[in-house]
Amino acid sequence: MALTAETESRLYRSLRVAAGAAAHLVALGFPVAVAVLARPGSSECRWGRGRGRGEGRMSQRTSPCASLPGLFSWHPLLMALAFSFLMTEALLIFSPETSLLRSFSRKIRVRAHWALQLLALLCALLGLAIITYNKHLNGKGHFVTWHGLTGLLAVLYTGGQCAGGVLLLYPKLMKNWTLAKLKLYHATSGLVGYLLGSASLMLGMCSLWFTTTVTGASWYLAMLCPLVTSLVIMNQVSNAYLYRKRSQH
């Protein structure tokens, strides 16, 4: 029996609501889990026994926390807060189904989006500075891995995206561009930045610290977190701008 258009619409909306709710939970749950693993501010890094992956606990000589107690432990938490929680919530604010501020005016939602994005940028910059200084203390090379390079690119891109957002607050600065076009470009370029941040998180979960700490099914579950939020954000941006723009032609 074929579904009616109204039934399909309700089903699709229900799926979007469920996916959005899952994105909210994952966006918060992932940095909480990272905080439990990293113990920020503690001189102890939680190194797993790594069954089948090495010799067990890392020695202080090879641990990324060895150079300065508690320094490295802030890096994974700050990056998880920036690219998993704050940036995801900043984008979900505009979700018509699952926005936590959907009952407020668009002006308030825009201001909240700005505040969350600036907090995300601040956390990312602090996380970048901490890992850079930690590598300097350890005498290690900077940005020599895919995780490091992608993370650097994501932070720089986020800074540029925040600067570009000023044009939406003051569209008169771009007299030759319509507001609708500025919104379209800001949303699509922001999606690229979000995917870069998610890629950096996923590459970070391939690092020695994470793979030694998290093993088995837990590692695969952790890898799903940025993937789930990325799919939800991609669907939101596509429905709000790309598909609508295509239907107008």
Kindly indicate whether the side chain of [X], heavy atoms from C-beta on, has any atom under 4.5 Å from the side chain of [Y].
X: L100; Y: E89; answer: yes
X: H147; Y: S200; answer: yes
X: N235; Y: S238; answer: no
X: L125; Y: V155; answer: yes
X: L169; Y: V110; answer: yes
X: L118; Y: L122; answer: no
X: L81; Y: V34; answer: no
X: F143; Y: K135; answer: no

T145 and T150: CA distance, side-chain angles, deciding distance, side chain to side chain contact (heavy atoms under 4.5 Å, CB included) verdict: CA-CA 8 Å; T145 64; T150 306; over 6 Å; no

Please check: side-chain N/O of [X] versus main-chain N/O of [Y], any donor-acceptor pairing under 3.5 Å?
X: S218; Y: V214; value: no
X: R102; Y: S99; value: yes
X: N138; Y: N134; value: yes
X: Q236; Y: L91; value: yes
X: H24; Y: T98; value: yes
X: Q161; Y: H186; value: yes
X: S84; Y: A27; value: yes

Let me confirm one number: the CG-OG1 distance from L128 to T158, rounded to the nearest 0.5 Å.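 That separation rounds to 11.0 Å.
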
Could you tell me which non-hydrogen atom of [X] sits nearest to which non-hydrogen atom of [Y], and how far apart they are?
X: R13; Y: E97; answer: NH1-CG, 3.6 Å
X: V232; Y: A19; answer: CG2-O, 3.6 Å
X: V26; Y: T229; answer: CG1-CG2, 3.9 Å

Determine, step by step, whether Q117 and H113 satisfy the side chain to side chain contact (heavy atoms under 4.5 Å, CB included) criterion, reporting the C-alpha distance in whole Å, the side-chain angles of both residues, the deciding distance to 0.1 Å, and the verdict. CA-CA 6 Å; Q117 282 293 100; H113 170 77; 3.7 Å; yes

Answer yes if [X] and [Y] sit in the same cluster of Ile, Leu, Val, Met, Phe, Trp and Tyr residues linked by side chain heavy atoms under 4.5 Å apart, and no otherwise.
X: L137; Y: L78; answer: yes
X: W219; Y: W209; answer: yes
X: M87; Y: L191; answer: yes
X: L156; Y: L203; answer: no
X: L28; Y: L116; answer: yes

Residues F210, L37; criterion side chain to side chain contact (heavy atoms under 4.5 Å, CB included); working and verdict: CA-CA 9 Å; F210 199 86; L37 294 172; 4.1 Å; yes

Between Y194 and T88, does the side-chain hydrogen bond (donor to acceptor under 3.5 Å, both in side chains) criterion hold? Intermediate values first, please. CA-CA 8 Å; Y194 183 83; T88 301; 2.6 Å; yes

Show your working on side chain to side chain contact (heavy atoms under 4.5 Å, CB included) between N239 and R16 and close with a plain yes or no. CA-CA 11 Å; N239 283 313; R16 282 173 58 87; 2.6 Å; yes

Count the heavy atoms belonging to other residues, nucleotides or ligands that lie under 6.0 Å from NE2 of H142, then report whether that count exceeds 12.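 Counting neighbours around NE2 of H142, more than 12 heavy atoms of other residues, nucleotides or ligands fall under 6.0 Å, so yes.
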
Members other than Y157 in its cluster, when Ile, Leu, Val, Met, Phe, Trp, Tyr link by side-chain heavy atoms under 4.5 Å?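 Noted: Y157 shares its cluster with L153, V192, L196.
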
Measure up the Y185 and W177 rings against each other and bin them: parallel (under 30°), tilted (30 to 60°), perpendicular (over 60°).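 Judged by the thresholds at 30° and 60°, the geometry between Y185 and W177 is perpendicular.
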
